[in-house]
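Worksheet: the structure to be examined is printed underneath.
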Amino acid sequence: MDEKPVYLGILGLGTVGSGAVKILQQSSADITQRTGRRLEIKKVLVRNPDKPRPVTLPKGVITTNPAEVLEDPEIDIIVEVMGGISPAKEHILQAIRSGKHVVTANKELIAKEGRELLTSATNAGVNLYFEGSVAGGIPIVKSLKECLAANMIRTVMGIINGTTNYILTAMTENGADFAQVLQEAQRMGYAETDPTNDVDGRDAAYKLAILASIAFGTRVRVDQIYTEGIRGITAEDIRYAGELGYVIKLLAAGKEHPGRGIEVRVQPAFVPRLHPLAAVGGVFNAVFVQGDAVGDMMFYGRGAGDLPTGSAVVADIMDIAKNLGGKVNPACSCYTDKPVIPLEETRSKYYVRTAVLDKPGVLAQIAGAFGEAGVSLSSVIQKGHGMQPVTLVFVTHEVKEGDLRRAIEKIRFLPVVDAVHNVIRVEEGR
Ligand code: NAP
Ligand code: HSE
């Protein structure tokens, strides 16, 4: 065993930083055995040194001066768990330039600035690992990059935001509305005070940009991902989904259509009750992967939290420590350039919930508008009779999204239609 420890500099000691430190301290002996090196936390950067922390570090380790961490020549690995773009990006670039390896859990930074950071790391001959940035404790980044490297990945599709999955699960179980459950989730600490990034799908889009870039070997930018959150999902939609044999999930989906390009989107979708993703409840995450050689697989676990995310961060640190001084793998896995297929060109079944006048000939008018746009219907449900308006729910066969939109624009303006309340993709899971 090498006597000199591997020195760590940690940027941030919040939820993830504290989780990683806890693991490094509690499992220190086993970590040393497994890596063949002792890991020592030399410096930790925070904003407020007086804040109470759930971990205890020796005197002099905590600092508010970034230079004490980034310019310490003994530090081998910088662990960035402070979040945000700036100054995290500048700190990582400085670390890379100084020949330090980097581990980060920062999904926003990797999704938005990954190309520059990964290229810099490769050019500098250092590792930049980011397992904790997607789905917390689930080892999906390394699985895609290494364990499934022999496969052409056709689908990577998941529930990768715990907050929205908690809300949708509670809505499904209690029949409650979105606003009511969100308030409850905030009170219990499951949802942040400002839940925008989560409920509007942005957090999942960052993670999908990372997953799809690795899975399909092409750089997927966040702005190329169609992103829709769950604010528009009502208790009524969830009830109809149940009646039709589905549950509603916020799905982050990446699919490759060989020869055409890739499809990347984050949106609420009907998932068949028997699909493995349908059983993923509460704050749990899961990623479903289809490879041409391996077939279907699903990765399931905790997508956030101090110890689950700390588990991914510490595993990355150990990986680097084991191979310190050895060969550095290319950081970036985007070696092709595949086009993103416009959403209008993608195909799916759809659920459409309308409010219409209850009188003879209405169904024929609406079915006619669907038909004129080339949209074929699979089923229709009408609930109630005699009241005005009544709910009419349609499920289409698989159609092009562009055709469906044309039909909806026509239907919206039919005099017999009071409102088109919701249109939701029905994902058959492939
Ligand atoms: P957090 O609890 O807000 O902690 C951030 C830490 O960074 C705090 O210790 C803060 O210092 C420090 N910090 C922030 N800006 C700083 C600055 N300019 N200078 C010095 N220190 C600064 O955040 P987190 O939840 O641990 O998340 C960290 C990263 O992990 C983010 O990129 C997040 O997206 C990612 N992530 C989080 C989770 C999760 O479950 N929370 C899961 C996966 C990935 P003070 O403590 O002094 O304020
Ligand atoms: N806010 C995220 C979620 C956790 O709700 O899944 C951090 O990735």
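As the structure lists them, so they are numbered: ligands from 1, and atoms in each ligand from 1. Position 1 is the first residue of the sequence, and the numbers go up from there.
Between Y351 and F394, the distance from one ring center to the other does not fall under 6.0 angstrom.
At distances below 3.5 Å, at least one donor-acceptor pair connects side-chain atoms of S18 with backbone N or O atoms of L13.
In terms of polar-atom proximity, D198 is counted as a contact of ligand 2, with an N or O under 3.5 Å from an N or O of the ligand. The shortest N or O to N or O distance between E192 and ligand 2 is not below 3.5 Å. Polar contact check, K51 against ligand 1: a nitrogen or oxygen pair lies under 3.5 Å apart. Geometrically, ligand 1 and G17 share no nitrogen or oxygen pair separated by less than 3.5 Å. For the pair G14 and ligand 1, the shortest N or O to N or O distance falls below 3.5 Å.
Defined by atom type and a distance below 3.5 Å, a donor-acceptor pair is missing between the side-chain atoms of D203 and N197. Under the 3.5 Å distance criterion, with hydrogens and angles disregarded, a donor-acceptor pair is assigned to the side chains of D194 and T196. With no hydrogens or angles considered, no side-chain donor-acceptor pair links T354 and R412 at under 3.5 Å. Looking only at atom types and distance, the side chain of T164 has a donor-acceptor partner in the side chain of N161 under 3.5 Å away. Inspection of the S120 and E116 side chains reveals no N or O donor paired with an N or O acceptor under 3.5 Å. With no hydrogens or angles considered, no side-chain donor-acceptor pair links R273 and Y246 at under 3.5 Å.
The residues R239 and E243 are annotated as not salt-bridged, no charged nitrogen and carboxylate oxygen being separated by less than 4.0 angstrom. In this structure, E401 does not pair ionically with R347, as no charged nitrogen and carboxylate oxygen lie closer than 4.0 Å. Salt-bridge annotation for R115 and E113: absent, with no side-chain N of the basic residue lying under 4.0 Å from a carboxylate O of the acidic one. Between E68 and K43, at least one side-chain nitrogen of the basic residue sits less than 4.0 Å from a carboxylate oxygen of the acidic one, meeting the salt-bridge criterion.
Here the heavy atom of the protein found nearest to atom 5 (O) of ligand 2 is T163 OG1, 2.6 Å. The closest protein non-hydrogen atom to atom 42 (C) of ligand 1 is T309 OG1, 3.3 Å. Atom 12 (C) of ligand 1 has G12 CA, 3.8 Å as its closest protein atom, hydrogens excluded (heavy atom only). In this structure, atom 27 (O) of ligand 1 lies nearest to the protein heavy atom V16 CG2, 3.9 Å. What sits closest to atom 28 (C) of ligand 1 on the protein, heavy atoms only, is V81 O, 3.3 Å. Remark: minimum distance from atom 4 (C) of ligand 2 to any protein heavy atom is reached at A304 CB, 3.5 Å. Of all protein heavy atoms, the one closest to atom 23 (O) of ligand 1 is T15 N, 4.5 Å. Scanning the protein for heavy atoms near atom 8 (O) of ligand 2, the closest one is K107 NZ, 2.5 Å.
Within the structure, the closest approach of R53 to ligand 1 falls below 4.0 Å when heavy atoms are considered.
For ligand 1, the atoms lying closer than 4.0 Å to a non-hydrogen atom of A304 are 40 (O). Set against the non-hydrogen atoms of L45, the atoms of ligand 1 under 4.0 Å away are 20 (C). Interface atoms of ligand 1 facing M82, defined by a heavy-atom separation under 4.0 Å, are 5 (C), 7 (O), 13 (N), 14 (C), 15 (N), 16 (C), 17 (C), 18 (N), 19 (N), 22 (C). Within ligand 2, counting atoms from 1 as listed, the ones closer than 4.0 Å to a heavy atom of N161 are 2 (C), 3 (C), 5 (O), 6 (O). Near K107, meaning under 4.0 Å from one of its heavy atoms, ligand 1 places the atoms 34 (O). Using a 4.0 Å cut-off to heavy atoms of G132, the atoms of ligand 1 that qualify are 43 (C), 44 (C). Contact atoms of ligand 1 toward G83: 31 (C), 32 (O) (distance under 4.0 Å to a heavy atom of the residue). Interface of G162 with ligand 2, defined as ligand atoms under 4.0 Å from a residue heavy atom, comprises 3 (C), 5 (O), 6 (O). Contact atoms of ligand 2 toward K207: 2 (C), 6 (O), 8 (O) (distance under 4.0 Å to a heavy atom of the residue). Atom numbering of ligand 1 starts at 1 in the shown order; those under 4.0 Å from a heavy atom of L13 are 6 (C), 8 (C), 9 (O).
Minimum interatomic distance between V81 and A105 (heavy atoms only, all atoms of both residues): CG1-CB, 4.2 Å.
For atom 46 (O) of ligand 1, the nearest protein heavy atom lies closer than 4.0 Å. Less than 4.0 angstrom separates atom 3 (O) of ligand 1 from none of the non-hydrogen atoms of the protein.
Contacts with ligand 2 closer than 4.0 Å are made by side-chain heavy atoms of D203 only, the backbone lying farther away. Contact annotation: for N48 versus ligand 1, heavy atoms closer than 4.0 Å belong to both the backbone and the side chain.
In the displayed structure, Q183 atom CD is contacted under 6.0 Å by at most 12 heavy atoms of other residues, nucleotides or ligands. Annotation: D30, atom CG; neighbour count of heavy atoms from other residues, nucleotides and ligands within 6.0 Å is above 12.
Between the choices P66, A105, P52, G305, the shortest heavy-atom distance to atom 36 (N) of ligand 1 belongs to A105. Between the choices H91, E192, R47, the shortest heavy-atom distance to atom 14 (C) of ligand 1 belongs to R47.
Here the side chains of F178 and L168 are not in contact, with every heavy-atom distance at 4.5 Å or above.
How far NZ of K249 is from CD1 of I159: 4.5 Å, rounded to the nearest 0.5 Å.
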